[in-house]
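Accompanying notes for the structure given below.
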Amino acid sequence: MWSRLRNVTYRKVKRHQRHHKTTLAAVTAAMPSECTEPLTSPFGELATNLSDSELRETAYEILVGARLSSGGKSSTYASDSEKNSERAAATPQTLTSRAASKVKKALGLRSRRKKASEKAESERVKKVSTIGETMRVQMRVSEQMDSRVRKALSKVAADQKIESMVLPLEMLQQLKPSDFPNQEEYEACQRRNLKLLEAGLLLHPLVPLDDENTAPQQLREIIDGALEKPLETSKNNETMQALRTVVLSLACRTSNNIGSVSETSTHWADGFPMNLKIYQMLLEACFDVNDETSVIEELDEVLELIKKTWLVLGMNQMLHNLCFLWILFNRYATMDQAEGDLLSAGNNLLIKVENDAKAMKGDENYCRMLSSTLGAILSWAEKRLLGYHRYFRSDNAESTMGCVVSMAVLSVKIMEGGEGISNEDHIEGNEMDVGQEKVDAYIKSSLRAAFVQIMETVKSSKSSSTGQQNELPFMAKLAEDVSTLAFTEKETFSPILKRWHPLAAGVAVATLHSCYGNELKQYVSSIDELTPDILEVMKGADKLEKDLVQIAVENSEDSEDGGKSIIREMLPYEADSVTSNLVKSWIKTRTDRLKEWVDRNLQQEVWDPRANRERFALSAVEVLRIVDEAFEAFFLLPITTHSALLPDLATGINSCLQHYISMAKFGCGTQSTYVPTMPPLTRCSRRSKLPSVFKKKEKVPKKSQAGTVNGNENDSFGTPQMCCRINTLNYIQNELNVLAKRDITHLSSSGTNQDIADRMEKVFEFSAAACVEGMQQLCEATANKVIFQDLSHFFWDGLYIGEVSSTRIDPFLQELDHYLEVISITVHDKVRTQVITEVMKVSFDGFLMVLLAGGPPRAFTLQDYEIIDEDFNFLTDLFWSNGDGLPAELIDQFSTKVKDILPLFNTDTDSLIEKFKQVTLESCASSSAKSKLPLPPTTGQWSPTEPNTVLRVLCYRNDETAAKFLKKTYHLPKRL
């Protein structure tokens with residue numbers, strides 16, 4: 001016996017070692033070690049301390065008694081020699097019938113593999129030939145105990161059947177100290193039988209005890225006394241007689257709730273859960289004592305023999321099925337889960353239990369046992385199914401996982417009282433609401449757990465591999481591993497789970513999509529700036545999403561809605577959109593920083609042309625450097641949407657550049673800033689005298705105004721500084737063209753889409769246009785400032801004030817020449833002509849303003865014409881500068897208007913009045929000469945044929961005829 005037990009232990013250790021090696025070699029462990037922990041029995045615990053060995057001995061006694069009562073062999077006590085003869089009577093035909101077990105076939109149990117040679121098997125057959133002997137060995141009963149039990153029961157079995165006797169009482173009566181090797185064993189056996197009486201009749205009776213009945217109290221007193229002092233069991237012993245009386249009175253009670261049990265039967269072992277505990281010991285004998293996970297080949301004969309105990313234990317087929325289900329399941333769950341056919345057999349038996357449950361709905365005891373048994377199975381199953389990626393792998397998923405899911409779903413259906421379904425329904429995968437609901441929960445729970453495990457693994461891997469080159473960012477590596485998990489799910493688990501959930505793979509990928517999406521959302525929300533790692537992550541997220549959607553679509557081909565419900569659950573990552581937004585944010589950050597830099601540096605900019613040889617502002621160099629870096633960094637971004645996002649960058653950069661251009665012009669003024677307001681029209685008289693302030697003009701000093709021309713170093717709007725501003729805008733315009741061409745060349749050489757290169761040609765067109773416009777505005781402002789502000793003393797406030805001959809243009813020309821020299825030296829060659837041309841235009845327009853709108857201090861006679869004409873020629877000669885200045889054609893172009901108007905000052909007053917009347921009438925709607933002449937409005941468009949121009953020549957004509965005409969026609973006042 002002990003040798004056999006040592007062999008069993010050795011085989012279990014070797015099996016565990018093999019399993020451990022397999023676990024280490026596998027990618028995913030089949031099941032954690034805690035899976036083999038003992039399960040709590042659903043049958044509950046006895047209220048007394050009967051051990052498993054005591055229950056097993058009791059079960060064997062009941063089995064032997066039932067066999068004897070049914071007329072089985074050894075109905076009388078058999079000697080060892082007789083039993084040996086009985087063993088020798090076995091035939092090959094008997095072995096064959098045992099091998100072809102109908103029960104095994106029905107439950108899907110495989111025949112046991114032969115683990116020894118034929119000789120060893122032959123010896124085993126010789127040793128164990130009868131089913132009774134098989135049960136003795138399976139229940140670990142010694143031959144000595146077997147003989148003792150048979151001897152005792154053979155004495156009472158002749159007079160009464162097992163179901164009508166109280167077995168512990170009879171065993172107390174029949175067994176003597178001489179039947180045991182020593183007194184201790186005898187007393188232990190006596191205590192066991194007393195505890196059985198207590199448990200069966202007092203603690204767990206089938207028929208509830210009557211509070212008014214004194215028998216229970218009497219029995220307790222007898223048992224308590226016997227437990228303190230061994231009981232004298234002879235027939236004539238008064239205590240023994242009292243014990244028999246009270247035991248039989250309690251065991252023979254009847255009740256309408258007993259069911260099919262005969263009223264003549266005794267009830268000492270059929271109360272719950274005592275009966276189930278004893279019956280469990282009988283069913284445990286179905287497993288080979290030498291291989292605890294293997295069901296014996298003699299299963300049919302053993303179960304037939306066990307069935308004989310039903311009357312004693314109050315069992316029936318439904319209770320048997322429930323108990324056997326638990327025995328098969330418990331043996332699988334607690335023995336390394338190595339024998340998958342035990343689980344399959346349990347699943348097949350559970351289908352029978354489902355049908356039994358409908359028939360036993362009114363049986364309170366059965367329903368209670370059913371609920372606890374299924375609850376235990378469901379708890380075990382859901383522990384694995386809610387995290388099935390930890391417990392199953394590709395090599396055991398099909399055989400094991402399917403059974404676990406089936407048992408879980410069936411358990412829920414039975415406990416919820418659902419309608420029964422056939423085994424074919426499960427195989428074909430017909431939709432069952434409860435099954436689909438549970439499997440849906442299993443998929444989501446397990447994949448969430450698997451996702452968390454992957455995250456931890458990736459984090460651990462990242463921590464251990466810090467600093468390695470070409471290492472994927474965490475979220476990108478996570479996306480790769482989640483994609484791998486999704487395909488594993490699709491290939492390994494989804495085909496199994498699809499039997500209960502038609503969209504199993506879809507639910508799986510939707511769960512993974514949501515898990516990764518939540519992490520991605522947090523990741524994106526924490527991004528401060530765009531980096532290559534971030535773009536790598538978004539690329540991985542996009543690929544993962546496409547993989548998951550593809551799996552969902554493929555899995556949903558046969559569904560009613562084509563998988564639309566699943567796809568709707570998968571809120572898009574919008575990786576392209578996120579990437580685009582990140583790039584746009586990156587662009588905004590860059591452009592905002594550039595704008596801040598522009599504001600900060602322009603506040604400090606002094607526009608000093610001496611800052612560099614090119615005489616432009618240093619801030620422009622820095623601005624263009626930042627712009628160049630921004631475009632270079634943009635095109636280095638590992639994205640595929642450069643063409644689509646280039647306009648955003650161009651808009652931002654152009655906005656900054658235009659801001660710089662605008663700030664470069666800011667405060668410089670315009671034409672209206674410097675040009676004086678035209679005074680109101682008046683008439684003058686030859687006899688009228690000029691105000692004393694204009695009679696005697698101080699002689700204008702001849703000294704140079706070079707100091708004023710060069711301006712103060714702190715003056716940002718001096719002529720040199722204005723020229724520096726113009727140079728700066730010219731530099732920016734030129735450099736933008738160079739920058740665009742360089743980027744185009746770079747893009748073309750790198751194989752970039754031609755569309756992007758084409759866009760780059762126009763990327764700076766708005767800024768370049770702003771530079772051109774800005775330079776023109778600065779040129780105009782500079783010219784007006786020089787003529788009307790810097791040289792106002794010599795020009796507007798000095799030229800032709802009072803006597804024309806004494807206030808000629810020479811002083812103005814001398815100072816203007818100095819300014820033109822400074823401009824020529826300071827301004828860039830490419831814009832020099834533009835600036836000086838603007839100065840020329842303004843000086844020509846200003847010359848006309850002096851003549852036509854110079855105000856009351858000025859008056860001209862016919863004789864002044866020659867001086868005026870000569871002065872204007874001097875002015876044009878200054879700009880021609882003997883051929884070194886502006887081109888003659890350009891001078892002629894802008895001097896034409898002045899030259900056309902000057903002859904009016906050489907026209908006599910009468911002719912001038914007639915000309916005025918003519919052009920005025922021609923310009924108004926009425927052609928009647930008698931009509932009153934309208935006062936022509938001031939348009940500023942001076943012309944010899946423009947009424948207002950001719951009128952102004954008359955207003956500044958210093959003679960009586962002109963004065964009278966103006967007074968009579970328009971009532972113009974005299975000069976003050």
Side-chain angles (χ1 to χ4, degrees), residues 665 668-678 709 717 719 722-723 725-727 729-730 771-792 794-800 809 812-824 826-854 868-869 871-902 904 938-944 946 948-949 952:
K665 301 183 299 180
C668 294
T670 61
Q671 180 182 4
S672 62
T673 306
Y674 302 105
V675 175
T677 304
M678 291 185 186
V709 174
F717 302 102
T719 301
M722 296 289 281
C723 292
R725 293 171 187 262
I726 296 170
N727 289 342
L729 298 190
N730 177 67
C771 285
V772 172
E773 181 183 358
M775 284 188 290
Q776 180 60 32
Q777 292 173 355
L778 285 171
C779 288
E780 293 175 358
T782 302
N784 282 281
K785 180 177 180 296
V786 168
I787 300 301
F788 290 106
Q789 180 172 299
D790 297 346
L791 298 180
S792 176
F794 300 96
F795 187 67
W796 184 254
D797 295 334
L799 183 62
Y800 305 145
I809 202 169
F812 169 71
L813 295 180
Q814 292 177 17
E815 295 303 318
L816 180 58
D817 186 46
H818 290 303
Y819 273 87
L820 293 176
E821 183 178 353
V822 170
I823 291 173
S824 298
T826 307
V827 84
H828 194 276
D829 295 347
K830 290 186 177 181
V831 291
R832 182 180 296 124
T833 298
Q834 181 181 357
V835 178
I836 295 178
T837 299
E838 283 301 322
V839 175
M840 180 184 69
K841 286 171 57 181
V842 172
S843 65
F844 288 177
D845 291 342
F847 190 80
L848 280 178
M849 280 193 68
V850 168
L851 297 178
L852 301 176
I868 296 171
D869 184 63
D871 283 351
F872 184 70
N873 287 331
F874 289 154
L875 180 59
T876 56
D877 288 343
L878 176 65
F879 290 103
W880 183 61
S881 188
N882 294 321
D884 294 332
L886 295 176
E889 308 85 53
L890 195 62
I891 297 172
D892 291 341
Q893 176 185 345
F894 291 103
S895 64
T896 300
K897 181 167 61 173
V898 180
K899 290 179 179 180
D900 289 344
I901 293 173
L902 285 181
L904 294 176
T938 301
T939 64
Q941 303 297 322
W942 314 127
S943 168
E946 197 261 333
N948 188 262
T949 302
R952 287 180 176 275

Under the ring-ring contact (aromatic ring centres under 6.0 Å, His included) test against F812, which residue among F795, F794, F874 passes?
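For F812, the ring-ring contact (aromatic ring centres under 6.0 Å, His included) check succeeds only for F795.
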Closest contact, heavy atoms only, F788 versus G846:
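Shortest heavy-atom separation between F788 and G846 comes out as CZ-CA, 3.8 Å.
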Which atoms form the tightest heavy-atom contact between A783 and V842, and what is the distance?
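Result for this residue pair: CB-CG2, 3.5 Å.
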Tell me whether Q834 at atom CD has more than 12 heavy atoms from other residues, nucleotides or ligands lying less than 6.0 Å away.
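Yes, CD of Q834 has more than 12 neighbouring heavy atoms, counting only those of other groups under 6.0 Å.
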Distance (rounded to the nearest 0.5 Å) between [X] [atom1] and [Y] [atom2]:
{"X": "H818", "Y": "T719", "atom1": "NE2", "atom2": "OG1", "result": "13.0 Å"}
{"X": "S843", "Y": "I836", "atom1": "OG", "atom2": "CD1", "result": "11.5 Å"}
{"X": "N727", "Y": "M775", "atom1": "CG", "atom2": "CE", "result": "10.0 Å"}
{"X": "N784", "Y": "C779", "atom1": "CG", "atom2": "SG", "result": "11.5 Å"}
{"X": "S792", "Y": "L799", "atom1": "OG", "atom2": "CG", "result": "11.0 Å"}
{"X": "L904", "Y": "L852", "atom1": "CG", "atom2": "CG", "result": "8.5 Å"}

Just distance, no hydrogens or angles: give the donor-acceptor pairs under 3.5 Å from side chains in residues 878-892, sequence neighbours left out.
none

Pairs touching residues 836-849 that satisfy salt bridge (Lys or Arg N to Asp or Glu O under 4.0 Å), sequence neighbours left out:
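Non-adjacent pairs meeting salt bridge (Lys or Arg N to Asp or Glu O under 4.0 Å): E838-K841, D845-K897.
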Are the side chains of M840 and T837 in contact, using a 4.5 Å heavy-atom criterion?
yes
Any heavy-atom pair between the side chains of L816 and V839 that's under 4.5 Å?
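Counting from C-beta outward, V839 and L816 do come under 4.5 Å.
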Residues in side chain to side chain contact (heavy atoms under 4.5 Å, CB included) contact with [X], at least two apart in sequence or another chain:
{"X": "Q789", "answer": "Y674, K785"}
{"X": "D877", "answer": "none"}
{"X": "T670", "answer": "S672, T673"}

Are side-chain N/O atoms of R952 and T938 paired as donor and acceptor at under 3.5 Å?
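There is such a pair (donor and acceptor under 3.5 Å, judged by atom type) between the side chains of R952 and T938.
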Can you check side-chain contact (heavy atoms from CB on, under 4.5 Å) on V898 and W942, steps first, answer last?
CA-CA 9 Å; V898 180; W942 314 127; over 6 Å; no
Should I726 and T826 be marked as a side-chain contact (heavy atoms from CB on, under 4.5 Å) after you check the CA-CA gap, both sets of side-chain angles, and the distance that decides it?
CA-CA 10 Å; I726 296 170; T826 307; over 6 Å; no
Do you know which of L791, I787, V675, V850 makes side-chain contact (heavy atoms from CB on, under 4.5 Å) with W796?
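Between W796 and the candidates, side-chain contact (heavy atoms from CB on, under 4.5 Å) is satisfied uniquely by V850.
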Determine whether R725 and F717 satisfy the following criterion, side-chain contact (heavy atoms from CB on, under 4.5 Å), listing intermediate values before the conclusion.
CA-CA 9 Å; R725 293 171 187 262; F717 302 102; 3.4 Å; yes
Passes side-chain contact (heavy atoms from CB on, under 4.5 Å), C668 versus L778? Steps please.
CA-CA 7 Å; C668 294; L778 285 171; 3.6 Å; yes
Residues passing the ring-ring contact (aromatic ring centres under 6.0 Å, His included) test with F872, sequence neighbours excluded, are F844, F847
